[in-house]
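Computed over heavy atoms, backbone and side chain alike; hydrogens, waters and symmetry mates excluded. Just so it is clear, the structure is predicted and the values come from calculations on it, not from any experiment.
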Amino acid sequence: MLSDLFDHNVRWAAAKRTEDPDYFDRLSALQRPEYLWIGCSDSRVPANVITGLKPGEVFVHRNVANLVHRADLNLLSVVEFAVETLEVKHIIVCGHYGCGGIRSAMDGQRHGIIDHWLQPIRDVAEANCAELAGIDETEEKLNRLCELTVASQVASLSQTPILQSAWKRGRPLMIHGWIYGLKDGLLRDLKCDCDRSIAAFRCDEANAPRFARDGKVPHACQS
């Protein structure tokens with residue numbers, strides 16, 4: 001029942017005021033989070049909950065499969081506000097194992113307009129077909145594609161004019177690629193951090209793929 005949501009809200013607000021009488025005054029006075037979270041719309045991956053952050057400590061944008069479409073005005077508006085107004089220091093692109101968007105992109109079925117949205121996932125899979133073909137177990141293959149897709153979104157975001165301009169002006173801003181495990185509740189760092197510009201892209205070759213300038217992940221990470 002929808003009325004239950006309002007009842008829960010009243011109890012939650014009352015408990016917060018009892019615990020900390022000034023909580024809502026502080027919360028309403030200023031929003032200055034250090035983090036922008038770009039995550040999946042999946043209801044099982046709430047940014048505040050899995051990171052232990054409080055309201056006001058992380059600015060959040062979510063979409064199906066945590067994709068960075070560089071023509072997505074919704075995402076770009078969020079990124080610009082986070083970078084230019086909130087002056088966040090970290091942008092976290094976070095995917096999760098068992099992602100339905102990843103599975104739908106690769107199942108060969110027609111799903112409707114979402115198929116257009118999920119195209120970057122198929123592009124990443126095609127760019128990494130040799131590696132993925134070497135993984136026999138379907139779930140393991142899809143989970144690896146989850147990781148590769150996150151890393152590709154980090155590279156894509158780093159090439160947007162918003163980030164390039166911020167770095168050119170010397171902003172201390174870093175993009176991170178993480179993934180969350182639904183089965184154990186743990187976040188994992190994919191070690192594909194990016195700062196300053198695509199030319200300064202840092203990738204730990206022992207743990208993550210190297211990126212081409214077009215934002216796709218090549219077939220293999222070579223020395």
Side-chain touch [X]/[Y], heavy atoms, less than 4.5 angstrom:
{"X": "Asn143", "Y": "Glu137", "answer": "no"}
{"X": "Trp117", "Y": "His69", "answer": "yes"}
{"X": "Met174", "Y": "Lys89", "answer": "no"}
{"X": "Arg103", "Y": "Glu139", "answer": "yes"}
{"X": "Val154", "Y": "His176", "answer": "no"}
{"X": "Leu53", "Y": "Trp37", "answer": "no"}

Would you give me the side-chain donor-acceptor pairs under 3.5 Å for residues 9-19, sequence neighbours excluded?
unit_1 : atom_1 : unit_2 : atom_2 : d
Arg11  : NH2    : His8   : ND1    : 2.5
Thr18  : OG1    : Ala14  : O      : 3.0

Say whether [X] and [Y] are linked into one hydrophobic cluster, either directly or through other cluster members, by side-chain heavy-atom distances under 4.5 angstrom.
{"X": "Leu142", "Y": "Ile114", "value": "yes"}
{"X": "Ile175", "Y": "Leu190", "value": "yes"}
{"X": "Ile38", "Y": "Ile92", "value": "no"}
{"X": "Trp167", "Y": "Leu36", "value": "yes"}
{"X": "Val150", "Y": "Val45", "value": "no"}

Under 3.5 Å, side chain of [X] to main-chain N/O of [Y], donor-acceptor pair present?
{"X": "Ser158", "Y": "Ala155", "value": "yes"}
{"X": "Thr51", "Y": "Ala47", "value": "yes"}
{"X": "Ser152", "Y": "Leu148", "value": "no"}
{"X": "Asn63", "Y": "Leu67", "value": "yes"}

Indicate the atoms forming the closest heavy-atom contact of [X] with [Y], along with that distance.
{"X": "Tyr97", "Y": "Leu182", "value": "O-CD1, 3.4 Å"}
{"X": "Gly101", "Y": "Val64", "value": "CA-CG1, 4.3 Å"}
{"X": "Gly98", "Y": "Cys146", "value": "N-SG, 4.4 Å"}
{"X": "Leu132", "Y": "Lys141", "value": "O-CE, 3.0 Å"}
{"X": "Asp72", "Y": "His61", "value": "OD2-NE2, 4.5 Å"}
{"X": "Leu187", "Y": "Cys94", "value": "CD2-SG, 3.8 Å"}

Query raised in the report: Considering the options Arg110, Arg122, Gln109, which one meets the side-chain hydrogen bond (donor to acceptor under 3.5 Å, both in side chains) requirement together with Asp115?
Result: Arg110

Using 0.5 Å steps for rounding, measure from the [atom1] atom of [X] to the [atom2] atom of [Y].
{"X": "Asp123", "Y": "Asn128", "atom1": "CG", "atom2": "CG", "result": "11.0 Å"}
{"X": "Asp107", "Y": "Thr138", "atom1": "CG", "atom2": "OG1", "result": "12.0 Å"}
{"X": "Ile179", "Y": "Asn66", "atom1": "CD1", "atom2": "CG", "result": "8.0 Å"}
{"X": "Ile121", "Y": "Thr149", "atom1": "CD1", "atom2": "OG1", "result": "5.5 Å"}
{"X": "Arg70", "Y": "Gln153", "atom1": "CZ", "atom2": "CD", "result": "9.5 Å"}

Requested in this report: For residues 45-65, pull every pair meeting salt bridge (Lys or Arg N to Asp or Glu O under 4.0 Å), keeping only residues two or more places apart or in separate chains.
Outcome: none

Which side-chain N or O atoms in residues 75-87 pair as donor and acceptor under 3.5 Å with protein atoms at least two apart or in another chain?
unit_1 : atom_1 : unit_2 : atom_2 : d
Ser77  : OG     : Leu73  : O      : 2.6
Glu84  : OE1    : Arg169 : NH2    : 3.3
Glu84  : OE2    : Arg169 : NH2    : 2.6

Query raised in the report: For atom CD1 of Ile113, is the number of surrounding heavy atoms from other residues, nucleotides or ligands below 6.0 Å larger than 12?
Result: no

Query raised in the report: More than 12 foreign heavy atoms under 6.0 Å from CH2 of Trp178: is that the case here?
Result: no

Requested in this report: For side-chain contact (heavy atoms from CB on, under 4.5 Å), just list the numbers for Leu157 and Ile162, CA-CA rounded to whole Å, side-chain angles, deciding distance to a tenth of an Å, and then say yes or no.
Outcome: CA-CA 9 Å; Leu157 183 60; Ile162 299 168; over 6 Å; no

